[in-house]
Amino acid sequence: MAATDIARQVGEGCRTVPLAGHVGFDSLPDQLVNKSVSQGFCFNILCVGETGLGKSTLMDTLFNTKFEGEPATHTQPGVQLRSNTYDLQESNVGLKLTIVSTVGFGDQINKEDSYKPIVEFIDAQFEAYLQEELKIRRVLHTYHDSRIHACLYFIAPTGHSLKSLDLVTMKKLDSKVNIIPIIAKSDAISKSELTKFKIKITSELVSNGVQIYQFPTDDESVAEINGTMNAHLPFAVIGSTEELKIGNKMMKARQYPWGTVQVENEAHCDFVKLREMLIRVNMEDLREQTHSRHYELYRRCKLEEMGFKDTDPDSKPFSLQETYEAKRNEFLGELQKKEEEMRQMFVQRVKEKEAELKEAEKELHEKFDRLKKLHQDEKKKLEDKKKSLDDEVNAFKQRKTAAELLQSQGSQAGGSQTLKRDKEKKKRGGETVSRRREKRCCALEGP
């Protein structure tokens, strides 16, 4: 029998029986209170609003302390979320308070994506808690829950209407966090303008389908006050850590040249209403709404993306084990399919590679044959050229030998002719000398 059937039968067969005497389980609420007080509580607030609207000052005023933090500038290139955690103690109750501020929100020229870092931050906290839940060994009792429990959305006191940035951002956040809209620095506009501004804001939120947090009215103990406070939304607040003496009391106030604005005077602003609703009356409901509504929505969507379902296609209950087995079989089927596709792809690529290699080998053989033939042709040309050069050399040597022979013969013939000419010249010279002597003797003998 399935566990759901057993649980259904137990619920249907439950009977009410009287007790004969005191048992003691009426002390369970006291036990829970003692355990909760010993463990402490956590509360996380997200402050969304443009730079300079007094977010840090309001936090200091709400918790009556001075939180450390650096003032933000208007020169941020994008929206950054800065988270700070503080341990607070009031009486014997401990509170781990986390304040997340949106640094640089609304300071850019292009504000189209200003909401994205905020949404990503909220989803990241949900994802961290989901991963902790899915662990085999969970330590949720000591885990620091960083999910955002309340979003205080600071609206600039323009007195006209909401900015498009405010509407878009709240629309993106309303399914992920409890939004409490507040008009910051409400002393900047008059009472009549403030009343009209509240009506205008409420009208625009309704017409654009923005779901803000409504204080619960199902609990009789707080139904009346919460119903009244829902009509005062959005709260018009003023923050100040400066204390001034008013009458005989020191009170938080802001001093102006024209007078004094008291922070805790309900005739001046809604700060007391905000503190009552946020901290003193509905803090636990904000924590519960975050877990049961916003986190459950994120968890359901995330598990559905992973393939987990509560019912089968026939709308019958589907256990986690069955879901796991179905998902596992589906995964194994996809794995085998991918493995087969990869195998076929591998075989196909091997065949293609073999064909490429064969083609490359064929081209190499053809190239080798061409080169071999070209080499043989070049070799033949060189041999022919060498043979012709050898013939030319031999012919040159023969001509040289013949020239040398002719030269030697010519030189011998020239030498004999020279001797003959010398002898003839000497002979002619002797004859000339003899004639000259004869003439000289005849000349001497003549007279």
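Checked against the 6.0 Å centroid threshold, F63 and Y86 do not count as a close aromatic pair.
For the atom pair NE2 of H294 and CG of L286, the computed distance is 9.0 Å after rounding to the nearest 0.5 Å. Note that NZ of K302 and CG of L134 are 11.0 Å apart. Values are rounded to the nearest 0.5 Å. In this structure, E127 CD and L130 CG are separated by 5.5 Å, a value rounded to the nearest 0.5 Å. To the nearest 0.5 Å, atom OG1 of residue T158 and atom CD of residue E193 are 10.0 Å apart.
Enclosure of atom CD in E220 is not indicated, since only 12 or fewer non-hydrogen atoms of other residues, nucleotides or ligands lie within 6.0 angstrom. A 6.0 Å sphere centred on NZ of K191 holds more than 12 heavy atoms belonging to other residues, nucleotides or ligands. No more than 12 heavy atoms of other residues, nucleotides or ligands sit less than 6.0 Å from atom CZ of F25. Within a 6.0 Å sphere centred on CD of E224, heavy atoms belonging to other residues, nucleotides or ligands number 12 at most. Shown here is E90, whose CD atom has no more than 12 heavy atoms of other residues, nucleotides or ligands within 6.0 Å. The 12-atom threshold is not exceeded at CD of E339, counting heavy atoms of other residues, nucleotides or ligands nearer than 6.0 Å.
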Trace of the side-chain contact (heavy atoms from CB on, under 4.5 Å) decision for T98 with I45: CA-CA 6 Å; T98 300; I45 300 177; over 6 Å; no

Residues F215, I225; criterion side-chain contact (heavy atoms from CB on, under 4.5 Å); working and verdict: CA-CA 9 Å; F215 304 117; I225 184 173; over 6 Å; no

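Although no hydrogens or angles enter the test, the distance criterion places a donor-acceptor pair under 3.5 Å between the side chain of S38 and the main chain of N34. A donor-acceptor pair under 3.5 Å is absent between the side-chain atoms of R254 and the main chain of Q262, judged by distance alone. D60 places a side-chain N or O within 3.5 Å of a backbone atom of F67 that can act as its donor or acceptor partner. Judged purely by atom type and a 3.5 angstrom limit, K273 has no side-chain atom pairing as donor or acceptor with the backbone of F235. Judged by distance alone, with hydrogens and angles left aside, the side-chain atoms of N226 form no donor-acceptor pair with the main-chain N or O of T217 at under 3.5 Å.
Under the ring-ring contact (aromatic ring centres under 6.0 Å, His included) criterion, F41 pairs with no residue at all, not counting sequence neighbours. Residues forming a salt bridge (charged side-chain N to carboxylate O under 4.0 Å, His left out) with R399 (at least two apart in sequence, or on another chain): none.
The pair E340-R343 meets the salt-bridge criterion, since a charged nitrogen lies less than 4.0 angstrom from a carboxylate oxygen. Remark: D391 does not engage K386 in a salt bridge, criterion side-chain N to carboxylate O under 4.0 Å.
Among pairs with a residue in residues 289-299, those fulfilling salt bridge (charged side-chain N to carboxylate O under 4.0 Å, His left out) read E133-R299, E296-R299, at least two apart in sequence or across chains. Here salt bridge (charged side-chain N to carboxylate O under 4.0 Å, His left out) pairs that include residues 136-150, with residues two or more places apart or in two chains, are D145-R147. Counting only residues at least two apart or on different chains, the salt bridge (charged side-chain N to carboxylate O under 4.0 Å, His left out) pairs with a member in residues 99-123 are D113-K116, D123-K176. Residue pairs meeting the salt bridge (charged side-chain N to carboxylate O under 4.0 Å, His left out) criterion with at least one partner in residues 158-171, sequence neighbours excluded, are E50-K163.
Classification of the F105-Y153 ring pair by plane angle, with boundaries at 30° and 60°, yields perpendicular.
In this structure, a donor-acceptor pair under 3.5 Å is present between the side chains of K252 and N64.
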